[in-house]
Visitor: 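Here it is: the structure, laid out below.
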Amino acid sequence: MIKTVEWTKEGVRMLDQRLLPNEEKYLMLRSYEEVADAIRKMVVRGAPAIGVSAAMGLALGASQSVGTSVADLEFDFNFMCKVMAATRPTAVNLFWAIERMRGVITKAKAENIRDEEEIKKRLTEEALLIYNEDIEANRAIGLFGGELIADNSTVLTHCNAGALATAGDYGTALGVIRGAIHAGKRVAVIADETRPFLQGARLTAWELAKDNIPVTVITDNMAGHVMKQGKVDCVVVGADRIAANGDTANKIGTYMVAVLAKQHNIPFYVAAPLSTVDLATATGDGIPIEERDAKEVTHVQDYQMTPDGVGVHNFAFDVTPNEFIAAIITDRGVARPPYTESLRTLAAVRLARAR
Ligand code: MRU
């Protein structure tokens with residue numbers, strides 16, 4: 001099983017995804033600042049993996065807090081949450097995980113716990129719970145989503161929404177593909193390379209090849225052509241944030257793929273755990289879109305491809321309007337339009353089970 005991020009006695013262990021597929025190197029992060037930095041620099045990336053990493057980073061930071069009271073610990077913890085929240089703006093799993101961790105302190109205070117060591121222990125337990133729940137959620141997504149994939153199909157995916165984008169194991173969009181294969185279906189994958197960070201070419205291709213799942217890489221601008229040639233049966237992508245009405249933020253270029261899929265009558269599915277659904281944001285217009293360093297666009301590795309001084313846009317995500325999405329596959333079932341109702345219903349099921 002691919003382990004993107006792991007809690008150890010020494011610190012948080014992370015696979016450095018920037019080096020894949022050429023090098024499989026693990027980093028040991030020994031402070032919450034190092035974890036935050038790893039999220040910012042995309043050592044770890046993918047919405048669920050960012051959430052799990054942030055939770056572990058906070059647990060690690062809390063365990064190193066030298067205060068002598070619950071109030072000291074809470075003061076340090078709140079500061080760490082601010083640092084963590086400033087790493088990447090789009091994936092809502094980051095903020096969801098921070099709030100889950102904050103909830104541990106709130107609950108302990110309500111229980112009148114006065115021992116800060118007890119709270120530190122609970123924070124570590126919560127981070128591990130978030131990690132384990134993510135793996136379980138992806139298995140469930142695979143089970144629900146696998147049913148939507150016909151035998152002998154070719155699925156096009158964009159970015160990497162696989163084991164590498166989650167706590168490990170299955171992934172979300174790739175979890176759907178793994179779920180279908182697990183159910184005995186034959187599935188091949190077309191992976192968009194996903195400029196500029198190349199999550200498709202480097203990461204999706206790497207993890208599928210490792211699992212012997214047939215994968216063909218195309219450049220992003222080939223998607224329309226392969227669809228027109230009848231080579232794509234459906235599209236499955238992950239999500240960084242799904243608004244209450246189903247509008248979905250995902251890796252830049254996803255919107256383009258969705259429009260092309262509609263033009264060719266190809267079902268376009270989004271796969272994500274409910275922790276990616278942001279009911280507090282009504283529509284995609286309210287989702288913050290990260291803009292990253294221009295160098296990711298002007299250079300490939302250290303090789304410069306554009307003339308000096310030209311203007312550059314580097315939007316990391318775009319929003320696919322809900323009307324392009326045939327279904328949203330979650331860990332609690334498949335949501336169909338109208339999403340404002342179906343997502344709310346599934347979220348209520350999740351909440352009821354958590355109680
Ligand atoms: O910039 P990244 O690599 O963090 O973007 C990742 C994506 O857009 C994924 O598709 C999304 O997070 C879903 S991952 C299960």
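Just so you know, ligand 1 is whichever comes first in the structure, and atom 1 is the first atom listed for that ligand.
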Visitor: Hey, is ligand 1 close enough to T172 that some N/O pair sits below 3.5 Å?
Guide: no
Visitor: Taking only residues two or more places apart in sequence or in another chain, which ones pass ring pair (Phe, Tyr, Trp, His ring centres under 6.0 Å) with F315?
Guide: H313
Visitor: Compute whether any side-chain donor of one residue and acceptor of the other, for D76 and S65, lie under 3.5 angstrom apart.
Guide: yes
Visitor: If you measure from each non-hydrogen atom of M42 to ligand 1, which part falls under 4.0 Å: side chain, backbone, both or neither?
Guide: side chain
Visitor: Does an N or O from T166, backbone or side chain, lie closer than 3.5 Å to an N or O of ligand 1?
Guide: no
Visitor: Provide the number and element of each atom of ligand 1 under 4.0 Å from a heavy atom of F317.
Guide: 1 (O), 5 (O), 8 (O)
Visitor: Report yes if I50 has an N/O atom closer than 3.5 Å to an N/O atom of ligand 1; otherwise report no.
Guide: no
Visitor: Nearest non-hydrogen contact with atom 10 (O) of ligand 1 belongs to which option: T254, T90, N250, T276?
Guide: N250
Visitor: Counting non-hydrogen protein atoms only, what is the nearest one to atom 5 (O) of ligand 1? Give residue, atom name and distance.
Guide: K251 CE, 3.3 Å
Visitor: Relative to the heavy atoms of A165, which atoms of ligand 1 are at a distance of less than 4.0 Å?
Guide: 14 (S), 15 (C)
Visitor: Please determine, by modelled atom types, if E296 and N314 share a side-chain donor-acceptor pair under 3.5 angstrom.
Guide: yes
Visitor: Salt bridge or not for E111 and R122, using N-O below 4.0 Å?
Guide: yes
Visitor: Does ligand 1 have an atom under 4.0 Å from some heavy atom of H158?
Guide: no
Visitor: Give a yes/no verdict on whether any heavy atom in P48 is under 4.0 Å from an atom of ligand 1.
Guide: yes
Visitor: Partners of R195 by side chain to side chain donor-acceptor pair (under 3.5 Å), sequence neighbours excluded?
Guide: none
Visitor: Pairing donors with acceptors under 3.5 angstrom, does anything connect the side chains of Q17 and N160?
Guide: no
Visitor: How far is atom 11 (C) of ligand 1 from the closest protein heavy atom, and which atom is that?
Guide: D240 OD1, 3.2 Å
Visitor: Answer with yes or no whether A239 contacts ligand 1, where contact means a heavy atom under 4.0 Å from a ligand atom.
Guide: yes
